[in-house]
Chemist: 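Sharing a structure with you now.
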Amino acid sequence: MAISIKSPREIELMRESCKILAKVHDELGKAIKPGMSTLDVDKLGEKLIRDAGCIPNFLNYNGFPASICVSVNEEVVHGIPSKNRILKEGDIVSLDAGLIYKGYHSDAARTYAVGKVSKECEDLMRITKESFFEGIKYAKAGNHLYDISNAIDAYVSQYGYGIVRELVGHGIGTHLHEDPQIPNFAQPRKGPKLVPGMTLAVEPMINMGRADVEWLDDDWTVVAEDGLPSAHYENTILITEGEPEILTLL
Ligand code: MG
């Protein structure tokens, strides 16, 4: 599949889809507190998405049973919400959410502290977020896709963290996952040239310990093999001639 270049009309729809998602994340972030179940997070997220007249794009995606991926501590991504999983003080929780507005998808993720968390977790969350911004410094027309990957790797590696390799960012538009794949680790090649009108979900997933991950028996939840915490930060961006537009930030 070729990388889709959005028309001005499509860019407007992407902007709106992403703006709604940014608001959903904002509300979810405010709601996170000790005692909440991960299913509570999902229910709130689904309600916010549907109240905005949109469709949660993760629900039933390849059979995923919820609207929001809620991944706690060593869970990297794709945590399945459960009424039995209660967030407690000191946890970190990654929320990955997306929606469809008039046929156009948005996708973004944040990791939040539940109450007061360790300095180590605070650092991990901050550096994961910073690595996204380091990466997208290179996300402009004329550069190559893997300039983004290389910048994320260079930034994260200096802290000794593990960069998840099995899961990567992606193009996004009329489908949740479009070409190209966007690795968060250094690439030997340049990758495709970036062109205005590309919309990309850039999403570093960073482990406090080693990079290795495994899948739980539910066949969805990806966890750090060494059991140490993991953080995730993602936005949908638009490539322009100049600085990229970060569409899923308010
Ligand atoms: Mg994504």
Side-chain angles (χ1 to χ4, degrees), residues 1 3-4 6 14-15 17-26 28-29 41-42 45-46 49 54-71 75-81 93-101 103-112 125 128-129 131-133 135-136 139 145-146 148-149 152 156 163-185 191-192 194 198-207 213 215 220-223 230-239 244-249:
M1 187 165 73
I3 302 172
S4 67
K6 277 74 180 177
M14 288 295 297
R15 281 199 185 105
S17 178
C18 290
K19 195 164 87 183
I20 296 166
L21 180 60
K23 289 178 185 162
V24 169
H25 263 298
D26 210 45
L28 287 174
V41 178
D42 176 60
E46 177 165 1
I49 291 169
C54 299
I55 300 164
N57 49 7
F58 294 178
L59 183 62
N60 299 321
Y61 184 85
N62 291 334
F64 189 76
S67 297
I68 315 290
C69 297
V70 188
S71 308
E75 296 170 358
V76 179
V77 286
H78 305 165
I80 298 176
V93 61
S94 299
L95 308 185
D96 196 349
L99 58 81
I100 310 170
Y101 169 80
Y104 285 81
H105 289 252
S106 49
D107 189 3
R110 313 275 182 255
T111 301
Y112 294 108
M125 290 189 293
T128 301
K129 182 174 177 177
S131 76
F132 165 87
F133 289 95
I136 68 156
L145 184 71
Y146 298 155
I148 301 173
S149 309
I152 293 171
V156 170
I163 301 172
V164 174
R165 301 170 85 93
E166 285 81 351
L167 299 134
V168 296
H170 51 93
I172 182 167
T174 53
H175 297 85
L176 173 57
H177 293 120
E178 299 186 353
D179 279 343
Q181 294 201 348
I182 311 170
N184 298 301
F185 52 97
L194 297 173
M198 288 179 174
T199 45
L200 307 173
V202 177
E203 51 175 322
M205 288 155 263
I206 307 299
N207 293 348
V213 297
W215 271 255
W220 275 108
T221 314
V222 180
V223 298
S230 185
H232 187 194
Y233 187 81
E234 173 184 30
N235 284 302
T236 298
I237 66 168
L238 169 69
I239 302 297
E245 253 183 73
I246 305 174
L247 302 180
T248 45
L249 280 182

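Owing to the predicted nature of the structure, the values given are computational and were not obtained by experimental measurement. Atoms within a ligand are numbered from 1 in the order they appear, just like the ligands themselves.
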Chemist: Would you tell me whether Ser71 and Ser94 have side-chain atoms, one donor and one acceptor, within less than 3.5 Å of each other?
Modeler: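 No, no side-chain donor-acceptor pair sits under 3.5 Å.
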Chemist: If you check every N/O/S atom of Glu203, which is the one nearest the Mg ion (ligand 1)?
Modeler: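 Looking at Glu203, the N, O or S atom with the least distance to the Mg ion (ligand 1) is OE2.
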Chemist: Between the Mg ion (ligand 1) and His170, is there an N, O or S atom separated by less than 2.8 Å?
Modeler: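 True for His170.
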Chemist: Would you confirm whether Thr199, through its side chain, and Ile172, through its main-chain N or O, come within 3.5 Å as a donor-acceptor pair?
Modeler: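 It does hold such a pair.
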Chemist: For Asp107, what is the atom name of its N, O or S atom nearest to the Mg ion (ligand 1)?
Modeler: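 The Mg ion (ligand 1) is closest to the Asp107 atom OD2, counting only N, O or S.
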Chemist: Aromatic rings Tyr233 and Phe132: how do their planes relate, parallel, tilted or perpendicular, breaks at 30° and 60°?
Modeler: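 Plane angle over 60°, so perpendicular.
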Chemist: Specify which N/O/S atom of Glu234 comes nearest to the Mg ion (ligand 1), by atom name.
Modeler: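 Of all N, O or S atoms belonging to Glu234, OE2 is the one nearest the Mg ion (ligand 1).
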Chemist: Does any part of the side chain of Glu203, heavy atoms only, come nearer than 4.5 Å to the side chain of Val77, both counted from C-beta?
Modeler: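 They are not in side-chain contact.
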